[in-house]
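In what follows, a single structure is set out as structure tokens and then discussed.
Ligands are counted one by one from 1 in listed order, and the atoms in each one are counted from 1 as well.
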Amino acid sequence: MINVTKPFLPPKEDYQNQINQIWERQWLTNDGPVVNALERGLKDYLKIEHALFVSNGTIALQIAIKALELTGEIITTPFSFVATTSSIVWENCTPVMVDILPGSLTIDPTKIEAAITPRTSAILATHVYGNACEIEEIEKIAKKHNLKIIYDAAHAFGTKYKGKSLYAYGDVSTASFHATKLFHTIEGGAVFTNNPDTLKSMSMMRNFGYQNGTSFGCVGINGKNSEFHAAMGVCNLLHIESILEKRKSQSERYTQILKSLPLQFIQITEGCEFNYAYYPVIFQSEAQLLKTVAALNEASIFPRRYFYPCLSTLPYITSQNNTPVSMDISSRVLCLPLFHTLTETEIVFICDIISKSLQS
Ligand SMILES: *Cc1c(COP(=O)(O)O)cnc(C)c1O
């Protein structure tokens, strides 16, 4: 059986060694030494100033919205994972759906201004599949209309834009370190900001709003993560270069074989050094996609319809904005298996089935 993904696991002895040390310290959670070590490691590796490790990528989004004190409407796209939209609603704001660019699949900056109203407080855009949004255009619009920017950078680990980590952009960037993501801590996430006040708010909010041990600075939540989760991150960080290289060569192999077929591939944004977090292909029709998925499933290969369904179809979305590109792409896009131990033979086998399905 080949699934769309398989979590990377470090050598068991390395993780065991971390666990033994946690056992000796008997310090299991609450800003412990392994959490600190992971945060230092992330800052070093990503060359960014601040990083707060949190319990998951969804809490990261919620803390970002709360810390930036967003209210009213937030401009976003329906071509993302459900957590992007549900976090906005959970924080009592209204998501306003704007369509995506047909090539890069990120938010279409030319559609943002028409969606701005006096109630708009921010833009929450996803770096889709790890590919960068049109950052400069978005920043220009945000500045002009005095809006905050949050990037849902759940997929963005290792991607660079203009030489810097994607996490360096926006008022806040959020990451997910879930087991299915390129870099993971089993469950986990992070928030990144360059603003010291926002950093302070998010740091308090992650820990119930505690200012110090005896006083509270704001309303908070429990967004902390444990030493055990941080330990997985510390171990995995040692392998990140080989993870990134492997995915690049696997993706290139896929493209080599699939490029002659009637499929469309994601267009990498200019200035972006892509991390190959996913391998999405876009079929000419949903019927072709379904036929191919059936053929792959028959051979015990399980790709994923991701992102599907289009988030504008969520039962709690009432805005009537038309997003035809998102609707269309989400019906035709498929993420093929991509993980560290996927072999050349398996890639060829998968492509062969796709090719036969499209030719018959
Ligand atoms: C995975 C993901 C999230 C949520 O992260 P969790 O760590 O699973 O809570 C949010 N947004 C996007 C785009 C994601 O892919």
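- The cationic atom of Lys259 (NZ for Lys, CZ for Arg) does not lie both less than 6.0 Å from the six-membered ring centre of Phe265 and within 45° of the ring axis.
- Evaluation of the salt bridge (Lys or Arg N to Asp or Glu O under 4.0 Å) test over residues 165-180, restricted to residues two or more places apart or in two chains, returns none.
- Between Phe8 and Phe339, the ring center distance fails the sub-6.0 Å criterion.
- Thr323 and Lys111 share no side-chain donor-acceptor pair at under 3.5 Å.
- Taking a heavy-atom cut-off of under 4.0 Å, ligand 1 is surrounded by Asn56, Gly57, Thr58, Ser80, Phe81, Ala83, Thr84, Thr126, Asp152, Ala154, His155, Ser176, His178, Lys181, Gly188, Tyr306.
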What side-chain donor-acceptor pairs closer than 3.5 Å can you find for residues 68-89, not counting sequence neighbours?
unit_1 : atom_1 : unit_2 : atom_2 : d
Glu73  : OE1    : Thr117 : OG1    : 2.8
Thr76  : OG1    : Leu124 : O      : 2.9
Thr77  : OG1    : Phe79  : N      : 3.3
Ser80  : OG     : Thr84  : OG1    : 2.6
Ser80  : OG     : Thr126 : OG1    : 2.9
Thr84  : OG1    : Phe81  : O      : 3.1
Thr84  : OG1    : Asp152 : OD2    : 2.9
Ser86  : OG     : Val82  : O      : 3.2
Ser87  : OG     : Ala83  : O      : 2.6

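- With side-chain heavy atoms closer than 4.5 Å counting as contact, directly or through intermediates, Val4 stands alone and belongs to no larger hydrophobic cluster.
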